[in-house]
Every structure is written in C-alpha cells, then in structure tokens.
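Just so you know, these numbers use all the heavy atoms, side chains as well, and skip hydrogens, waters and symmetry mates. Indexing begins at 1, ligand by ligand and atom by atom, following the structure's order.
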Amino acid sequence: MKKFLVMLICSAVLMNSMLFANGQKEDSAGDTSKTVGVCMPTQSSERWINDGANMKKQLEALGYKVEMQYAEDDVQAQVSQVENMVAKQVDCLVVAAVDSSALVNALALAKDNDIPVIAYDRLLMDTDAVSYYATFDNKGVGTAIAQYIEETKELSTAKAEGRSYTIEFFMGSPDDNNALFLYNGVMEILQPYLDNGVLICKSGRTSFQETCILRWSQETAQQNCENYLSGFYANDHLDIACSAFDGFAYGIRSALEGAGYTKGENWTLITGQDAELMAVKNIISGYQTMSIYKDTRLLAEKCVKMVQAVLEGSEPEINDTTQYDNNKLIVPSYLCTPVAVDKSNYQTVIVDGGYYTADQLK
Ligand code: BGC
C-alpha cells in the first residue's frame with residue numbers, strides 16, 4: 001500500500017512537470033495562464049496610453065495575464081522594470097523602449113532566462129535577445145508627412161512659377177531608432193526642394209543632428225520654434241513647420257501665437273504624428289494642418305500574434321525582413337501602414353474607422 005502511494009505521488013509530480021514543461025507556470029490558485037510583461041515608455045502622450053490599453057485588452061482576451069509598466073521616459077526606470085519582470089519570470093516580454101540602446105544588459109538577462117522578447121513600435125538596438133518587431137513603416141511616416149507638404153504647397157511646379165516657402169524642421173528623439181527613419185523619409189522627398197531653393201530654411205538647420213529633439217519633448221519644440229521665430233523670422237513669415245510629432249505641433253502652435261501669428265489663411269502649415277485626440281481637434285479648428293494616423297489597435301493585433309508565435313510555436317505575420325538591422329541581427333518585422341489625415345479625410349478615416357467618436361471630437 002505504501003509503495004502504491006509513493007508511486008501515485010511520483011507519477012502525479014511527473015505529470016505535473018510534463019504539463020508545465022513548456023514554460024507554463026502554475027500559481028497557488030492553480031492558474032496556468034501565461035504572463036506577458038508589457039513595458040511602455042510614457043503616459044505623457046496619449047498614443048502610448050492607447051497602445052498599452054489595446055495590448056492589455058487583446059492579450060487578456062486570449063487568456064494571457066498581463067503585467068504592464070510605464071517608465072515615464074526615465075531610461076533607468078525602464079531598465080529596472082525589465083529586470084523586475086525577468087525576476088518575476090514572465091513568459092514573454094513586449095518592450096517599447098524609452099532609449100532604444102539602453103536595455104542591452106536587461107534583455108540579455110531575459111535571454112538567459114529563456115524569456116522571448118518582442119520589440120513594440122521602437123526597435124531594440126544592439127541586442128540579439130529580440131525575436132520580432134511590430135511597428136509602423138517609420139520611413140513611410142516621414143515620406144507621408146513630406147508628400148503632404150509637397151502636394152499642399154504644390155512644390156513640384158513652384159520653381160517654374162517662381163514660388164518659394166520658408167520651412168523649419170522639428171525631428172524626433174536621437175535615442176529612438178524611429179526618428180532617423182522618419183527624418184530619412186522626409187528628406188527623400190524634400191531635399192531636392194531645399195537644393196533648388198523652393199524651400200528655404202532660414203535657420204539653416206536641416207540635418208538630423210541639428211533638428212532632433214531629445215525624448216520627443218514638447219517644451220523643447222516650443223523653445224526651438226520661439227528661437228527660430230525671433231532669430232530668423234523677425235521680418236519674414238514661417239510658412240511650414242515640418243514636425244514629427246503631435247506634441248511638437250502643440251508647442252509650435254504656442255510659439256507662433258506668442259509671436260503674433262493668427263489662425264486663418266496665413267497660418268503656418270504644421271504637420272504632426274499620432275493623430276492624438278487634441279491634434280484631431282486642432283485639425284478641425286485649424287491650428288494644426290495634418291497628422292499621421294497610426295491605428296494602435298492594429299499594431300497591438302500584430303504584436304499579439306508575435307507573442308502567440310513565440311509562446312505557442314505558431315507563425316506570426318511578417319512583411320519586412322530587410323530594413324530593421326539592430327546591429328546584431330535583422331529583426332523580422334511587421335510594418336503597419338501610416339495614413340495622413342487632415343480636415344478633408346479625418347471623418348472617413350478616424351471617425352468612421354471607429355478610432356474616435358464624433359462626440360469625442362466636439
Ligand atoms: C513613435 C511615434 C511617437 C513618438 C513619440 C515614436 O517612437 O513611433 O508614434 O509620436 O515615438 O512618442
């Protein structure tokens with residue numbers, strides 16, 4: 001009888017370890033669902049709040065548990081958050097980095113603990129711990145912004161017609177790999193017009209190094225714009241603010257108003273990115289000209305497929321295997337398509353698309 005009992009216990013232990021050998025853990029309540037750690041950069045801009053909420057909702061709908069942390073743009077805080085998630089033995093990590101290159105050691109720790117890592121929106125640089133990357137076509141964001149400027153100001157016929165426009169650039173954070181991609185997209189379209197004199201940048205600041213704004217700071221964008229206006233546009237009009245982010249657009253608006261610009265015919269063409277609620281309201285009221293709509297529901301969906309793939313051995317959808325070299329490997333990626341929105345199409349794209357309701361935009 002004793003022998004029988006020992007055998008019974010042993011086989012129960014064995015079965016248990018076989019059941020959970022694929023990484024599934026059982027907590028004290030007997031819950032076997034896997035946990036996904038989601039590390040987000042900041043709640044200071046609306047898009048990341050939406051990203052986090054969408055990820056949580058979609059992962060939970062599939063039965064995963066979610067541990068989510070925001071680093072509030074503090075690089076060291078994010079390092080600690082990743083380390084903590086590794087210590088808690090989450091089953092998979094999804095990371096949207098504050099600083100794309102600062103997580104190398106923390107991610108090596110994840111790899112040592114067999115925790116797969118997915119890069120979310122921003123590429124994780126200098127690490128071989130990352131399996132997949134879900135993002136938007138970041139160069140495509142830049143070309144969409146620039147093509148909007150090109151078409152709206154009819155730049156292709158400007159030279160022949162003797163027209164020219166002043167322009168200043170407000171580019172993204174130098175520690176975010178997306179920012180350089182976006183800049184390259186912008187310049188692919190606009191550089192020829194800077195070269196032939198159709199676009200005139202009076203500050204002379206056109207390189208990425210000269211126009212990038214650390215941590216995508218709205219305040220710095222406003223300050224830069226104020227400096228440009230007082231230093232170079234005292235007797236001239238700024239026609240175009242080529243801005244890489246809605247947050248910058250808000251700062252630019254304030255700087256323009258501070259310098260006496262008023263909304264209407266002569267208001268500066270201001271671009272943006274993310275189609276935040278406030279930005280769309282500003283587009284409707286005429287304080288911002290356009291933005292780039294990035295459907296974070298779609299991005300979350302693609303990312304969740306990647307999580308499933310690494311945890312359950314399925315195949316995620318990949319549509320780019322060439323562009324995103326993180327200095328260690330070319331990360332298999334899915335690039336969602338960004339869409340330019342302005343007064344003419346926000347209703348169809350954003351309201352009819354169910355991203356914001358007409359009421360929210362009032
Ligand atoms: C994202 C943009 C966002 C920016 C600032 C970038 O990495 O791709 O959508 O506007 O960060 O938060």
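Between Y293 and Y355, the gap from one ring centroid to the other is short of 6.0 Å. Note: F169 and F208 fail the aromatic proximity criterion, with ring centroids not under 6.0 Å apart.
By the 4.5 Å heavy-atom criterion applied to side chains, C303 and M55 are counted as neighbours. Side chains of K281 and E276 form no contact here, defined as non-hydrogen atoms less than 4.5 Å apart.
By the 3.5 Å distance cut-off applied to N or O atoms, N138 is not counted among the residues near ligand 1.
Less than 4.0 angstrom separates some heavy atom of K294 from each of these atoms of ligand 1: 1 (C), 2 (C), 8 (O), 9 (O). With ligand atoms numbered from 1 in the order given, ligand 1 contributes 6 (C), 7 (O), 11 (O) to contacts under 4.0 Å with heavy atoms of D176. Listed by number with element, the atoms of ligand 1 under 4.0 Å from a non-hydrogen atom of R122 are 4 (C), 5 (C), 6 (C), 7 (O), 11 (O), 12 (O).
Judged by distance alone, the side chain of T143 and the main-chain N or O of G140 form a donor-acceptor pair under 3.5 Å.
The proximity of W48 to ligand 1, defined as any non-hydrogen pair under 4.0 Å, is limited to the side chain. Using a 4.0 Å cut-off between heavy atoms, D121 contacts ligand 1 through its side chain alone, with no backbone atom that close.
The residue from D126, T127, D128 that alone fulfils the side-chain hydrogen bond (donor to acceptor under 3.5 Å, both in side chains) condition with N327 is D126.
Here the heavy atom of the protein found nearest to atom 3 (C) of ligand 1 is D274 OD2, 3.4 Å.
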